[in-house]
Amino acid sequence: MRLSWTAFTELLRCTLLGHLRNRLALVLAVAFIPVWIAVARLCTSDAVVRIRLDAISAPVSAPASQVGQVASALGAVTLVAGFITFTETFQSREMDRRLLLAGYPRLPMLLAKLAAVALTAALLALYTTILLWISLPVRHAGPLGLALAGAGLAYGGIGLLLGSLVRGELEGFFLIIMLSLVDTGLQNPVFNTLMDVAGVSALPLYGVNQLALSSALTPHVPWSHGLLSLTWSAATGALALLVLHTHRPSRSPWSRRTRVQAG
């Protein structure tokens, strides 16, 4: 137990340091989110739109600019969280392989990565909630923050899974960007006012989008919809655990050649 806890804390520290060393990720987190919210505010009219939210089973009337800012904030958080997690996971695969060869247990390694995803999602959610609080008359800041954290958890889990699976960095970036664009585009009530596209409820952002819009624009807080993102995060985390568990790291050809020559 002591060895597992030590491995978990050390791997969590290394993972967080990897996030801090990723300057592009830090720039995206600090600058991209407020810029994307500002773009949504400036490029969307103040005309009142009537949207329907399944979470409260009622139509909602709100300025298009406010709806667009909430939807854009969710999209920005998903991209940043997915990018940060994927980049760190992909770039640390060689180090993870060496740690496994050195005898580090597998479970603490993944739990440390999942904990880093949760911390990243929480920080991004807090920062984005403050930005929206400044820009909008937010009704319920706490539930809105939880919805943003759920979006970060869902796409952080997707980034963790892709970082463990794909062979090329460009492939992972493309998959995260395309999934996020499709997801946020279909969930944005400014473009899809009826929210009646078949299968939209199966997408990662459906639950948190319902919770975020309801919390920011209405007196209602549909807590149950926020739990849907946890399902996505748990599923992707479990798949990443399966990939890590079934992966058997092998020594490099150079190390095998050296061992044979020494024998």
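The model shown is predicted, which means the values in this text are computed figures rather than measured ones.
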Answer yes or no: is there a side-chain heavy-atom contact under 4.5 Å between [X] and [Y]?
{"X": "Arg21", "Y": "Leu26", "answer": "no"}
{"X": "Arg13", "Y": "Thr9", "answer": "no"}
{"X": "Leu79", "Y": "Tyr155", "answer": "no"}
{"X": "Leu186", "Y": "Tyr206", "answer": "no"}
{"X": "Ser61", "Y": "Val49", "answer": "no"}
{"X": "Leu203", "Y": "Leu205", "answer": "no"}
{"X": "Pro219", "Y": "Arg139", "answer": "yes"}
{"X": "Ser92", "Y": "Thr15", "answer": "no"}

Any residue meeting ring pair (Phe, Tyr, Trp, His ring centres under 6.0 Å) with Phe83, in chain and number order, not counting sequence neighbours: Phe173
Do you know the tightest heavy-atom contact between [X] and [Y]?
{"X": "Gly152", "Y": "Ala121", "answer": "C-CB, 3.7 Å"}
{"X": "Ser214", "Y": "Ile56", "answer": "OG-CG2, 3.9 Å"}
{"X": "Phe8", "Y": "Ala115", "answer": "CZ-CB, 4.0 Å"}
{"X": "Pro34", "Y": "Tyr127", "answer": "CG-OH, 3.6 Å"}
{"X": "Thr85", "Y": "Gly159", "answer": "CG2-C, 4.1 Å"}
{"X": "Ala62", "Y": "Leu217", "answer": "CB-CD1, 4.1 Å"}

Side chain to side chain contact (heavy atoms under 4.5 Å, CB included) between Leu160 and Phe86, intermediate numbers included: CA-CA 5 Å; Leu160 179 62; Phe86 169 77; over 6 Å; no
Quick one: pull up [atom1] in [X] and [atom2] in [Y] and give me the separation to the nearest 0.5 Å.
{"X": "Leu53", "Y": "His220", "atom1": "CG", "atom2": "NE2", "answer": "10.0 Å"}
{"X": "Cys14", "Y": "Glu88", "atom1": "SG", "atom2": "CD", "answer": "9.0 Å"}
{"X": "Asn22", "Y": "Leu28", "atom1": "CG", "atom2": "CG", "answer": "8.5 Å"}
{"X": "Asn209", "Y": "Asp183", "atom1": "CG", "atom2": "CG", "answer": "8.5 Å"}
{"X": "Leu110", "Y": "Leu114", "atom1": "CG", "atom2": "CG", "answer": "4.5 Å"}
{"X": "Leu16", "Y": "Thr120", "atom1": "CG", "atom2": "OG1", "answer": "6.5 Å"}

Test side-chain contact (heavy atoms from CB on, under 4.5 Å) applied to Leu181 - qualifying residues, sequence neighbours left out: Ile177
Side-chain donor or acceptor of [X] paired with backbone N/O of [Y] under 3.5 Å:
{"X": "Ser180", "Y": "Ile176", "answer": "no"}
{"X": "Gln187", "Y": "Gly207", "answer": "no"}
{"X": "Glu169", "Y": "Thr87", "answer": "no"}

Leu126: hydrophobic cluster co-members (side-chain, 4.5 Å): Ile130, Ile134
Residues that, via side-chain heavy atoms closer than 4.5 angstrom, fall in one hydrophobic cluster with Val221: Leu146, Leu211, Trp223
Indicate, with yes or no, if [Y] and [X] share a hydrophobic cluster defined by side-chain heavy-atom contacts under 4.5 Å among Ile, Leu, Val, Met, Phe, Trp and Tyr.
{"X": "Leu123", "Y": "Val80", "result": "no"}
{"X": "Leu148", "Y": "Trp133", "result": "yes"}
{"X": "Leu24", "Y": "Phe90", "result": "yes"}

Extract all donor-acceptor atom pairs below 3.5 Å that involve side chains of residues 63-76 and protein atoms in other chains or at least two apart in sequence.
| residue | atom | partner | partner atom | Å |
| --- | --- | --- | --- | --- |
| Ser65 | OG | Asp46 | OD1 | 2.9 |
| Gln69 | OE1 | Ser135 | OG | 2.4 |
| Gln69 | NE2 | Ser65 | O | 3.2 |
| Ser72 | OG | Gly68 | O | 2.8 |

From CA spacing to verdict: side chain to side chain contact (heavy atoms under 4.5 Å, CB included), Leu131, Ile33: CA-CA 9 Å; Leu131 294 174; Ile33 295 177; 3.9 Å; yes
Test side chain to side chain contact (heavy atoms under 4.5 Å, CB included) applied to Leu144 and His140, step by step: CA-CA 6 Å; Leu144 175 61; His140 305 284; over 6 Å; no
Side chain to side chain donor-acceptor pair (under 3.5 Å) partners of Glu171, counting only residues at least two apart: none
Chi angles and distances behind the side chain to side chain contact (heavy atoms under 4.5 Å, CB included) call for Val60, Arg50: CA-CA 6 Å; Val60 176; Arg50 189 176 178 85; over 6 Å; no
